[in-house]
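Below is one structure, written out as structure tokens; comments come after it.
The sequence lines fix the lettering, A, B, ..., with proteins before strands; numbering per chain opens at 1. No hydrogens, no waters, no symmetry mates; every other heavy atom, side chains included, goes into these values.
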2 protein chains.
Amino acid sequence: MSQAFRLKQSIEDAVIAGEFLPGDRLDEASLAERFGVSRTPIREALLQLGAEGFIDVRPRRGAIVSVPSPTRLFEMFETMAEIESACGRLAARRLTPDNDAAMETAHRACEIAAREGDSEQYYADNRNFHEAIYRASRNSFLADQAFALHKRLSAYRRIQLRARNRLLQSLQEHAGILEAIRAGDEQLAATRLHDHVLVQGERFSDMVLGLAGDRRSDAAGRSAK
Amino acid sequence: MSQAFRLKQSIEDAVIAGEFLPGDRLDEASLAERFGVSRTPIREALLQLGAEGFIDVRPRRGAIVSVPSPTRLFEMFETMAEIESACGRLAARRLTPDNDAAMETAHRACEIAAREGDSEQYYADNRNFHEAIYRASRNSFLADQAFALHKRLSAYRRIQLRARNRLLQSLQEHAGILEAIRAGDEQLAATRLHDHVLVQGERFSDMVLGLAGDRRSDAAGRSAK
DNA sequence: CATATCATTATTGTATGCAAGATTAGAAAC
DNA sequence: GTTTCTAATCTTGCATACAATAATGATATG
């Protein structure tokens, strides 16, 4: 299985790196050739990625990189917001000096990247900051769920950090989140994290749908009774 | 793949039914014989179940039904509590007549089972009730996450519905949850669902650890700064 | 009697081959 | 020119075979 697990990671990395775009076909034979192995471990890797929701494996019809509908995507961001805010709530309740320090370090890194307007760097540092919060929840299972979803959304998250404004705004939100967690204010930490994440989903939906469709009729509109 | 997917479901069902207990080895050859297929689709099924966290696939060492530590189990229940309360919060915000009716139906069924003290039936109806709430969140992705985790915990949940008292108490909690959702009180719905789920995790931990260990030193104790 | 080492056995990991379903291209009909 | 049916082709699904690693048990040694 060693091979299959390495392949799973490689394929996942390739997808995250944007080498395979949503909708692209993941052909067993070509992947086998590319990695110099037979189809068997490739299949095993693809099926695992499919089970994790990373790709879409349709019986007899091959695997493709999942193409979540705008609605689905919004739902994923909304779920991410709920999970992250849960992490924040627990972090506020359970913060240890170690976790505090880890968040501080990650936050400082974000600060530098934001000041320099380096969105690629900020993207990486931002990830570390959020992961520090997941860990600070001191619930490793919840943190695992958060990691997994974060990875699945990374392709969509990256796009919107391009604007310099968003970088600085994001940084400010981070500061507010950190403050709330440190104050032990569970409710505030949860709310701030929720909004911080959800705004990304909203901005992304706006971007995807552009002027054409109104997102509200798609996802948020469901709030209406 | 058709075969592999059917097998995945069958094996999962067998695990949920308790036919394979935590720690049991899932040997490829015997499973292949049992289902009358070759090892290939069995492997594919096992790897998928492993990716979903349902079983533990250790490279070169075979698959076993996962044996979460008491700490891990508590973390899983705590995560379930957070996810369910998120569902409840959204349900309170977005309730439609359809979803309301579905919850009502499921609740009525629980009521009957509880009155008759039929814990097996209550177990099934309880599941329907919770699933109705997941759907009422009107976020299908979040609902999927909730379904998945609910399934993984089912083995541990079933055990504790045996006591007649717990049945009636559970039912009353359901009534309170329903009331809060209908009132559109997001905060109250979230809190009640959270407690309803978490109490199960706590009761289970108590059961597992018995008199021996103090759960608080294991999981909840982390809340202490 | 316990422990360590080595050979045997069993089980998993990968490759290959073939069967079956899906896709595509081409020809015929409209 | 478009559509539809059919045949050729391509891709996936499963079985089998072999290679490699882990588990087991026997034997020898302290």
Please list all pairs passing the salt bridge (charged side-chain N to carboxylate O under 4.0 Å, His left out) test where one or both residues lie in residues 11-23 of chain A, with sequence neighbours left out. A:Glu12-A:Lys151, A:Glu19-A:Arg34

How many whole angstroms separate atom CD1 of B:Ile64 from atom C1' of D:dA23? 15 Å

Could you work out which one of C:dG13, D:dG13, C:dT14 sits closest to the side chain of A:Ala4? C:dT14

Go through C:dA15, C:dT12, C:dT14 for me and flag the one nearest to the B:Arg25 side chain. C:dT12

Short side-chain donor-acceptor distance under 3.5 Å, A:Glu84 and A:Tyr134: yes

Figure out the CZ/P separation between A:Arg58 and C:dT23, and round it to whole Å. 8 Å

Please tell me whether B:Ser140 and A:Arg72 have a donor and an acceptor in their side chains that are separated by less than 3.5 angstrom. yes

Rounded to the nearest Å, what distance is computed from the CG atom of residue A:Leu31 to the C1' atom of nucleotide D:dT12? 13 Å

What do the steps show when you test B:Arg152 against B:Glu52 for salt bridge (charged side-chain N to carboxylate O under 4.0 Å, His left out), and what is the final call? CA-CA 9 Å; B:Arg152 279 176 74 174; B:Glu52 288 176 10; over 6 Å; no

Looking only at D:dA22, C:dT14, D:dT12, the nucleotide nearest the B:Arg60 side chain is D:dA22

With DNA chain D as reference, determine whether B:Gly36 or A:Asp27 sits nearer its 5' end, using the nearest nucleotide of each. A:Asp27

How many whole angstroms separate atom CZ of A:Phe35 from atom P of C:dA15? 13 Å

Would you kindly give the CG-to-C1' distance between A:Leu7 and C:dT14, to the nearest whole Å? 11 Å

What do you reckon, is CD of B:Gln9 surrounded by more than 12 foreign heavy atoms closer than 6.0 Å? yes

Whole angstroms only, please: what is the CD-P distance between B:Glu33 and D:dA15? 14 Å

Starting at the 5' end of DNA chain D, which residue's closest nucleotide do you reach first, B:Ser38 or B:Arg61? B:Ser38

Between D:dT16 atom P and B:Ile42 atom CD1, what is the distance in whole Å? 13 Å

B:Gly62 or A:Pro41, whichever maps to the more 5' nucleotide of DNA chain C: B:Gly62

Looking at A:Gln3, I'd like to know whether one of its side-chain N or O atoms comes within less than 4.0 Å of OP1 or OP2 on C:dT14. yes

Using a cut-off of less than 4.0 Å, is there contact between a side-chain N or O of A:Arg39 and OP1 or OP2 of C:dT16? no

From CZ of B:Arg43 over to P of D:dT16, roughly how many Å is that when rounded to an integer? 16 Å

Quick check on DNA chain C: between B:Thr40 and B:Ala29, whose nearest nucleotide comes earlier from the 5' end? B:Ala29

